[in-house]
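What follows is a set of notes on a single structure, which appears directly below.
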Amino acid sequence: MASTDQKTFHCELIGPTGKLLDCRTSSVVFPAHDGQVGVLCDHMPMLSQLGLGVVRVEPSPEGVPAGSEPAAQMLFFVDGGFALVAENSVTVIAYDALALQDVTCETIQSMMERAEKNLRDPVLSPAQQAHENERLGALRRIMESVRT
């Protein structure tokens, strides 16, 4: 029978302010530029450009006493960057990242206001406008989940 350790792997998430996460995990799902990517133990090596969305990290069951509830899923908002999967390790380096566990409505509101301000900038290219609209939509969805 395989040990629990063989079914987990290392995960790091690094944002502009530094390391947001460094842990063992049983699965990671991140938004690539062309769709969601799910990673489990022994995933093939890959380098992926990040898109905009939420990174979901399942905590490792290691160290959880029998009969106890495992820790909740960890969620992070990311916008751009890269993810490297290699040798049972996932490293996410995001241009913009925010841990959603303890985020407040005020923080999300501030990010939404910044996106709305960016949308009013007349020098934005159509691609930049589309990105800001997508960012605003993602932040609205996060705001709804924070309120509930």
Side-chain angles (χ1 to χ4, degrees), residues 2-64 68-119 124-148:
S3 71
T4 303
D5 187 50
Q6 292 173 333
K7 295 182 182 178
T8 64
F9 55 95
H10 184 247
C11 179
E12 272 185 304
L13 191 144
I14 302 165
T17 60
K19 196 177 287 192
L20 295 172
L21 179 68
D22 188 353
C23 70
R24 301 235 12 117
T25 182
S26 56
S27 73
V28 175
V29 176
F30 60 85
H33 73 288
D34 58 353
Q36 297 289 313
V37 174
V39 179
L40 298 173
C41 191
D42 296 328
H43 194 284
M44 70 176 193
M46 67 181 285
L47 178 64
S48 178
Q49 181 181 351
L50 288 179
L52 180 132
V54 176
V55 174
R56 291 171 173 73
V57 179
E58 286 294 332
S60 169
E62 294 174 357
V64 177
S68 297
E69 287 292 316
Q73 186 180 60
M74 295 176 278
L75 304 172
F76 301 87
F77 174 76
V78 295
D79 186 359
F82 295 90
L84 173 64
V85 180
E87 299 178 4
N88 279 326
S89 180
V90 175
T91 302
V92 176
I93 302 173
Y95 298 146
D96 192 9
L98 175 68
L100 296 178
Q101 286 78 297
D102 301 315
V103 73
T104 63
C105 288
E106 291 78 22
T107 301
I108 300 296
Q109 187 63 43
S110 172
M111 293 172 73
M112 289 170 61
E113 288 169 3
R114 192 168 61 239
E116 289 168 346
K117 179 182 174 198
N118 290 344
L119 278 169
L124 280 184
S125 71
Q128 290 169 316
Q129 287 178 342
H131 181 80
E132 287 300 322
N133 274 320
E134 184 181 353
R135 183 178 175 90
L136 190 56
L139 290 169
R140 285 183 178 136
R141 288 187 297 278
I142 291 169
M143 177 69 92
E144 287 303 313
S145 68
V146 168
R147 288 182 181 162
T148 58

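Just the heavy atoms: all of them, side chains too, but no hydrogens, waters or symmetry mates, feed the values below.
By the 4.5 Å heavy-atom criterion applied to side chains, Asn88 and Asp42 are counted as neighbours. Leu136 has its side chain within reach of Met112: a pair of non-hydrogen atoms, C-beta onward, lies under 4.5 Å apart. Residues Phe82 and Leu84 form no side-chain contact, since every pair of their non-hydrogen atoms from C-beta on lies 4.5 Å or further apart. In this structure the side chain of Pro45 never reaches within 4.5 angstrom of the side chain of Val85, judged on heavy atoms.
For the residue pair Ala97 and Gly15, the shortest heavy atom distance occurs at CB-CA, 4.1 Å. Of all non-hydrogen atoms in Ser26 and Pro59, the two that sit nearest each other are OG-O, 3.7 Å. Closest non-hydrogen pair, Ala32 versus Ser48, comes out as CB-OG, 3.4 Å. Residues Leu20 and Leu98 approach most closely at CD1-N, 4.3 Å, considering heavy atoms.
Using modelled atom types, no side-chain atom of Asp96 and backbone atom of Val78 make a donor-acceptor pair closer than 3.5 Å. Using modelled atom types, one side-chain atom of Thr25 and one backbone atom of Glu58 make a donor-acceptor pair closer than 3.5 Å. Side chain of Glu12 to backbone of Val92: no donor-acceptor contact under 3.5 angstrom is found. Side-chain atoms of Arg24 do not come within 3.5 Å of backbone N or O of Ser60 as any donor-acceptor pair.
For the atom pair Lys19 NZ and Thr17 OG1, the distance stands at 12.5 Å (nearest 0.5 Å). The CE atom of Met143 lies 10.5 Å from the CE atom of Met111; values are rounded to the nearest 0.5 Å. The distance from the CG atom of Asp79 to the CD atom of Glu134 is 8.0 Å, given to the nearest 0.5 Å. The line from CG of Leu100 to CD1 of Ile142 is 5.0 Å long, rounded to the nearest 0.5 Å. Going from atom OG1 of Thr91 over to atom CG of Leu21 covers 10.5 Å, rounded to the nearest 0.5 Å. The distance from atom CG of Leu119 to atom CD of Gln128, rounded to the nearest 0.5 Å, is 10.5 Å.
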Can Met74 and Leu13 be said to form a side-chain contact (heavy atoms from CB on, under 4.5 Å), step by step? CA-CA 11 Å; Met74 295 176 278; Leu13 191 144; over 6 Å; no

Any chance you could lay out the side-chain contact (heavy atoms from CB on, under 4.5 Å) test for Val39 and Phe9, step after step, and finish with the verdict? CA-CA 10 Å; Val39 179; Phe9 55 95; 4.0 Å; yes

Is there a side-chain contact (heavy atoms from CB on, under 4.5 Å) between Val37 and Val29 once you walk through the steps? CA-CA 5 Å; Val37 174; Val29 176; over 6 Å; no

Walk me through whether Tyr95 and Leu50 qualify under side-chain contact (heavy atoms from CB on, under 4.5 Å). CA-CA 9 Å; Tyr95 298 146; Leu50 288 179; over 6 Å; no

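Ion pairing between Glu116 and Arg140 holds under the 4.0 Å rule for side-chain N and carboxylate O.
Applying the 6.0 Å contact sphere to CD of Glu87 captures no more than 12 heavy atoms from other residues, nucleotides or ligands.
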